[in-house]
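As structure tokens, the structure follows; a few thoughts come after it.
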Amino acid sequence: MTDGERVETHCPYCALQCGMTLRASNDLISVEPRDFPTNRGGLCQKGWTAADLLDHPERITTPLVRRDGELREATWDEALTLVASRIKDIQRRYDENAVAVFGGGGLTNEKSYALGKFARVALRTRNIDYNGRFCMSSAAAAGIRAFGIDRGLPFPLSDVGSADTLLLVGANVAETMPPFGRWLADQKARGGTLIVVDPRATPTAKQATLHLQPTPGTDLAIANALLHIALTEGLLDKDYLAERTTGFDDVRRTVANYWPARVERMTGVPVADLEAAARALAGAERAIILTARGAEQHAKGVDTVTAFINLALALGLPGRPGSGYGCLTGQGNGQGGREHGQKADQLPGYRKIDDPAAREHVAGVWGVDAASLPGPGVSAYELLDSLGTEAGPKAMLLFGSNPVVSAPRAGRVTERIESLEFLVVADFLLSETAALADVVLPTAMWAEENGTMTNLEGRVLRRHAVRRPPGQARTDLSILHELAARLGVERGFPEDPAEVFTELRRASAGGVADYHGVTWERIDAADGVFWPCPDEDGPDTPRMFTTRFGTPDGRARMVPVEHRAAAEEPDADYPYYLTTGRVLAQYQSGTQTRRVSALRKAAPHAFVELHPDLAARLGVADGERLTVTSRRGEVTAPARLSDAIRADTVFMPFHWAGAGRANSLTNDALDPTSRMPEFKVCAVRVERA
Ligand SMILES: Nc1nc2c(c(=O)[nH]1)N[C@H]1C(S)=C(S)[C@@H](COP(=O)(O)OP(=O)(O)OC[C@H]3O[C@@H](n4cnc5c(=O)[nH]c(N)nc54)[C@H](O)[C@@H]3O)O[C@H]1N2
Ligand SMILES: Nc1nc2c(c(=O)[nH]1)N[C@H]1C(S)=C(S)[C@@H](COP(=O)(O)OP(=O)(O)OC[C@H]3O[C@@H](n4cnc5c(=O)[nH]c(N)nc54)[C@H](O)[C@@H]3O)O[C@H]1N2
Ligand code: SF4
Ligand SMILES: [Mo]
């Protein structure tokens, strides 16, 4: 970038992918908000400070190799030669699956695609999965089951602003996507009703017309009760049910048992509030139901989302103008990251890896024999939990995640990672996981690479490089290119993201997430392109499901689902619920945001949020240190008193490592379908430290 130059790009962090302009002056890059259809000129504090990290003194600028127990600077040639020879050695001593790959939903589409291909073609391992499993996998599985297609929001975000009734379930957008608040303000200004379901009176819930404050883990019962009420009051859309859905009869029989008084006992939400919510949804011309991690990160997350989809379908919302169901994707490329093949069971274009036609198509694009492609591997937590075991992988290559902080039951996961024979981490900062690696490969940051990201609306966006990576750091694509070559695969791993994208378009053609007609030029010319977009000259798809769903018969499938208890409920030894989540000023495992001084000042350390009544019972004052213990571990952090939380529940953000690491406590119980861990509820004991 030359002095004074301005480049339009997007924030590197969350799935809102706010538009921003980067401006150069005296070598310093500064951020300005940009008017983009999602953020409309808004940015949160993380976006404003995103460029602060580009020249952070702790950026890794040379490869690091562990020698005599210490990570020491090395040349690229030393590092890559070592990585290739250890991979070959381990694959020779065990088998190809002994090397695992772990990816991330923050990687660009090009990198997600290249990483999935690298695992299958260069390593020939089935063991690849990624952190999206911990994110929206439950909503994805429920969406596929019901609609045949999983796109987070099947409509543009702007629809939210004109909804007469908006139901947010387990979504704290005021802290997790602050510029989203502009749509909430629009909605309110038009006289709309906002209903928030959250065990805490979050800043989002405080804006609501109606706040339902359930016991953690009981959303499924709420959804069934809302459908029960709408049914008994004759508020369902019968024509829609007849024409556009299958399976309603079974759902009707199931929800018959969820009468409001019973659900009040199960959830703690008063009958009158359940009735008011059902009527506000059913009576609205335009109604939208959105779920996020609060509803989804449970061992029954798929069924919970299914219950809300059943409700949406019974009210005739999906595909109706201005109405619908959607899931709020979380990570920057949470949507694209789940489409191009870094999932254990998946090939590009959101294809199934065990589908013979999909294997033929993708193998054709890759120029390999379909029979040479491995089959499905196991999900993220199962993969991490198997590392270093007799049957599990002995080496792992990690791109874009920090599981030592972010994985459930992190104490156990850390032990498993430490038991590996060989760990390689590509990162631009020394994350807690990178600190355990045998080799750390320094990679480029967002402002140093070109590529595409797919935001929460399924809108494909462009990320623009404005400068070169510092020191010897190089892009992830360049790392994969060099490694593949050293593993004997000279072709097929270009460093140029434009070349990768061209191939990705071909590989996705005809798939569910069809990017064939998306070009970088077209993205730049419009405000992004919504998939599916099969033809370069044809339309893209801002709104899905207007006439049919992605199922074989074009109808949405309703599936009856029953409420069940959390995998671990409080008892005499562990009497309180723990739930976990986010605060505005920190992002995820914190590798980046804990190093930005303005953000560190705003949110300096972990804390335990608890109700003053509970604090009184425990005899603790605000700021006093608490020990929180679960069956899996123990943490210490200061108490933060707040009457915004239920008195039977404590809350911890998961952004910190060490003594305040929330994931030392969390439960690794998994959803049977999505394999999502139960981050949002487990049983704990709370004491003065
Ligand atoms: N500041 C910030 N923003 C982020 C991120 C970040 O780390 N920091 N991460 C991004 C990513 S990857 C994601 S996935 C999104 C997540 O975005 P959100 O889903 O909005 O974030 P969370 O804080 O995980 O959870 C939302 C709410 O769920 C509530 N909750 C807990 N248990 C339950 C329950 O049983 N039922 C219900 N209904 N609610 C419950 C919590 O109290 C919390 O307020 O945020 C994205 N944006
Ligand atoms: N208790 C609890 N735990 C949770 C959650 C919760 O709500 N509660 N939420 C879960 C959710 S929704 C998510 S998404 C996960 C997220 O948690 P993680 O998977 O740990 O994600 P990040 O913290 O974003 O980690 C990204 C790492 O990769 C690096 N990185 C970023 N971009 C790139 C890149 O382009 N290339 C490379 N090579 N490296 C990069 C960063 O520096 C950082 O070290 O946490 C999950 N864990
Ligand atoms: S809301 Fe998300 S995309 Fe927007 S500035 Fe904040 S972190 Fe970045
Ligand atoms: Mo996430």
Side-chain angles (χ1 to χ4, degrees), residues 80 83-84 86-91 94-134 333 336-348 353 362 366 368 372-388 392-404 406-407 413 416-417 420-427 431 433-434 436-441 443 475-489 492-493 500 675:
L80 293 169
V83 174
R86 292 300 310 269
I87 288 174
K88 286 187 207 161
D89 170 56
I90 287 172
Q91 289 192 320
Y94 302 96
D95 62 12
E96 282 150 347
N97 298 316
V99 177
V101 176
F102 200 91
L107 304 176
T108 60
N109 289 317
E110 291 78 5
K111 298 195 294 190
S112 307
Y113 173 84
L115 196 64
K117 181 178 177 185
F118 180 83
R120 275 68 175 235
V121 174
L123 296 173
R124 295 178 310 284
T125 180
R126 64 164 184 254
N127 282 320
I128 172 168
D129 211 56
Y130 81 124
N131 67 7
R133 233 8 125 163
F134 299 158
N333 197 27
R338 67 191 196 244
E339 299 165 354
H340 309 300
Q342 58 174 335
K343 253 170 114 172
D345 55 352
Q346 209 193 51
L347 289 172
I353 202 167
V362 173
W366 288 352
V368 299
S372 75
L373 298 178
V378 296
S379 76
Y381 182 76
E382 292 162 292
L383 181 63
L384 295 172
D385 192 35
S386 73
L387 297 176
K394 309 296 185 288
M396 180 164 74
L397 274 56
L398 179 76
F399 287 75
S401 180
N402 183 14
V404 164
S406 59
V413 166
R416 298 263 51 93
I417 291 174
L420 283 168
E421 290 183 26
F422 193 59
L423 173 66
V424 182
V425 176
D427 208 314
S431 71
T433 311
L436 302 178
D438 298 286
V439 178
V440 180
L441 303 174
T443 191
T475 63
D476 291 301
L477 287 178
S478 154
I479 293 172
L480 293 175
H481 168 82
E482 292 289 336
L483 269 181
R486 280 174 166 77
L487 293 168
V489 186
F493 293 95
V500 178
R675 321 307 282 166

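For the atom pair CG of Asn131 and CG of Asn402, the computed distance is 10.0 Å after rounding to the nearest 0.5 Å. Ser386 OG to Tyr381 OH: the interatomic distance, rounded to the nearest 0.5 Å, is 10.5 Å. Atom CG of Leu420 is separated from atom CG of Leu436 by 9.5 Å, given to the nearest 0.5 angstrom. In this structure, OG in Ser379 is found 10.5 Å from NZ in Lys343, a value given to the nearest 0.5 Å. A distance of 12.0 Å separates CG in Leu115 from OH in Tyr130, rounded to the nearest 0.5 Å.
When side chains are defined from C-beta on, Leu397 counts as touching Ile87, because their heavy atoms get closer than 4.5 Å. Contact check for Val362 versus Pro348: side-chain heavy atoms found under the 4.5 Å cut-off. Between Phe118 and Ile128 the shortest side-chain heavy-atom distance does not fall below 4.5 Å.
The side-chain contact (heavy atoms from CB on, under 4.5 Å) test applied to Asn127 returns Asn97, Ala100, Thr125, Val378, Leu383, Pro393, not counting sequence neighbours. Every residue two or more places apart in sequence or in another chain that forms a salt bridge (charged side-chain N to carboxylate O under 4.0 Å, His left out) with Asp476 is listed here: Lys111. Applying the side-chain contact (heavy atoms from CB on, under 4.5 Å) rule to Thr475 yields the partners Ala444, Glu449, Leu477, Ser478; only residues at least two apart in sequence or on another chain are considered. With sequence neighbours excluded, the residues satisfying side-chain contact (heavy atoms from CB on, under 4.5 Å) with Ala84 are Arg486, Leu487. Scanning for side chain to side chain donor-acceptor pair (under 3.5 Å) contacts around Asn333 gives Asn109, with sequence neighbours left out. Shown here are the salt bridge (charged side-chain N to carboxylate O under 4.0 Å, His left out) partners of Asp438, two or more places apart in sequence or in another chain: there are none. By the side chain to side chain donor-acceptor pair (under 3.5 Å) test, Gln342 is found to be paired with Ser112, residues two or more places apart in sequence or in another chain being considered. With sequence neighbours excluded, the residues forming a salt bridge (charged side-chain N to carboxylate O under 4.0 Å, His left out) with Lys117 are Glu503, listed by chain and number. Taking Phe399 as the reference, nothing meets the ring pair (Phe, Tyr, Trp, His ring centres under 6.0 Å) condition, with sequence neighbours excluded. Residues passing the side chain to side chain donor-acceptor pair (under 3.5 Å) test with Arg124, sequence neighbours excluded: Glu96. Take Glu421 and apply the side-chain contact (heavy atoms from CB on, under 4.5 Å) test, not counting sequence neighbours, and it matches Arg86, Ile90, Arg93, Tyr94, Lys394.
Taking the six-membered ring where the residue is Trp, Trp366 and Tyr113 present perpendicular rings, their angle passing 60° and hence far from 30°.
Here the closest heavy-atom approach between residue Asp345 and residue Pro376 is recorded as CA-CB, 4.1 Å.
Applying the salt bridge (Lys or Arg N to Asp or Glu O under 4.0 Å) test to every pair with at least one member in residues 372-383, sequence neighbours left out, gives these pairs: Glu382-Arg675.
Put simply, the side chain of Arg416 gets close to the backbone of Leu387: a donor and an acceptor are under 3.5 Å apart.
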